[in-house]
Protein chains: 2
Amino acid sequence: MLDTYAVIAEPSRRRILDRLLISDSSVGDLVQDLGLSQPLVSKHLRTLRESGLVRVQIEAQRRIYSLDAGPLEDVDEWLSAYRAKWNRHIDALAAHLDQRKKSREENGK
Amino acid sequence: MLDTYAVIAEPSRRRILDRLLISDSSVGDLVQDLGLSQPLVSKHLRTLRESGLVRVQIEAQRRIYSLDAGPLEDVDEWLSAYRAKWNRHIDALAAHLDQRKKSREENGK
DNA sequence: TTGTATTATAAACTATTGGTTATATAACTA
DNA sequence: TAGTTATATAACCAATAGTTTATAATACAA
């Protein structure tokens, strides 16, 4: 079984998740909207199901899939340690631009 | 070339990033601290370098690697759309617990 | 220059995975 | 019941990726 990181590494699976973010949908809906083959969608849905990112609800012959964002929280938590870093990056950029601006102003003086 | 999602899907690479979060370090440092083979570390560092997540600084025979969290911002942005969902999940849980508490209080009354 | 450290690269192997095609399963419909 | 719709599964293929072993490249030290 794939962990959450591996599951979201696959572009088609992210597209499926993004689609389910809009609304619950059947396999057929996903096939239509994403332009993927039905077996492929079913296969991706299986791994999404097994990793706990989606839930199924049987409705006659259809399976209605819905999002469960829960597992993504782990990824978010891991990312949080890095958030400070790229903010620092932005801060550095801002300082740099600020410096340039200051220089220009002084030259224009 | 692997995209950011694929790069962080690999556990050893996440360990390398986590290590670089603490301090810049040479390849040898990483090999020691993570207990991975030197060629493996070098290979992972290559993909990390190519995806822009680390930077190298040559210092004599050593290569000092440092973190660049920038690319992780894309992942964070993608995740942000889902944040509301798991918050809703937490809200639902909170509401549930609240309900239980209320019930207990009423029973105790 | 010769030897030693440090790191990168090449080659090869194995396992895994995304994808397709074909088929089975199950529920609805006429 | 027979046919149709919706989905899952199996078998297979091609490509890729992680890992190891062996070797090359580069800089320092004696």
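Atoms considered below: every heavy atom in the structure, side chains included; atoms not considered: hydrogens, waters and symmetry mates. Just so we're on the same page: letters track the sequence lines, and every chain starts at 1.
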With respect to the phosphate group of [N], does any side-chain polar atom (N or O) of [X] fall under 4.0 Å of OP1 or OP2?
| X | N | value |
| --- | --- | --- |
| H44(A) | dG19(C) | yes |
| Y65(B) | dT6(C) | no |
| R46(A) | dT9(D) | yes |
| S26(B) | dT6(C) | no |
| R13(A) | dG18(C) | yes |
| S37(A) | dT20(C) | yes |

query: When rounded to the nearest 0.5 angstrom, what distance separates CZ in R13(A) from CG in L2(A)?
result: 6.0 Å
field: Gap between atom OG of S12(B) and atom CG of L34(B) - 0.5 Å precision
entry: 8.0 Å
To the nearest Å, how far apart are [X] [atom1] and [N] [atom2]?
| X | N | atom1 | atom2 | value |
| --- | --- | --- | --- | --- |
| Q61(A) | dA6(D) | CD | C1' | 6 Å |
| I8(B) | dA17(D) | CD1 | P | 16 Å |
| L40(A) | dT9(D) | CG | P | 14 Å |
| D3(B) | dG18(C) | CG | P | 13 Å |
| E50(A) | dT9(D) | CD | C1' | 12 Å |
| R14(B) | dG18(D) | CZ | P | 12 Å |
| I64(A) | dA6(D) | CD1 | P | 11 Å |
| L30(B) | dA8(C) | CG | P | 10 Å |

Of all the nucleotides listed ([options]), which has the minimum atom distance to the side chain of [X]?
| X | options | value |
| --- | --- | --- |
| R62(A) | dT21(D), dT7(C), dA6(D) | dA6(D) |
| E10(B) | dG18(D), dG18(C), dT7(D) | dG18(D) |
| S42(A) | dT9(D), dG18(C), dT7(C) | dT9(D) |
| A60(B) | dA27(C), dC28(D), dT7(D) | dC28(D) |
| P39(B) | dT5(D), dT20(C), dT9(C) | dT9(C) |

- prompt: Around R19(B), counting heavy atoms of other residues, nucleotides and ligands shown, do more than 12 lie under 6.0 Å from its CZ?
  reply: yes
query: So with a 6.0 Å cut-off around CD of E50(A), is the heavy-atom count from everything else above 12?
result: yes
task: May I ask you to verify whether the side chain of K43(B) and the base of dT9(C) hold a donor-acceptor pair under 3.5 Å?
output: no
Presence of donor-acceptor pair under 3.5 Å, side chain of Q38(B) and base of dA8(C): yes
query: So, for Y5(B) and D74(B), which heavy atoms are closest and what is the spacing to 0.1 Å?
result: OH-O, 3.9 Å
task: List the steps and the verdict of salt bridge (charged side-chain N to carboxylate O under 4.0 Å, His left out) for R83(B) and D76(B).
output: CA-CA 10 Å; R83(B) 220 159 271 144; D76(B) 191 62; 3.0 Å; yes
query: L2(B) near the nucleic acid: base, sugar-phosphate alone, or nothing, with a heavy-atom cut-off under 4.0 Å?
result: sugar-phosphate
Toward the 5' end of DNA chain C, by each residue's nearest nucleotide, L36(A) or R63(A): L36(A)
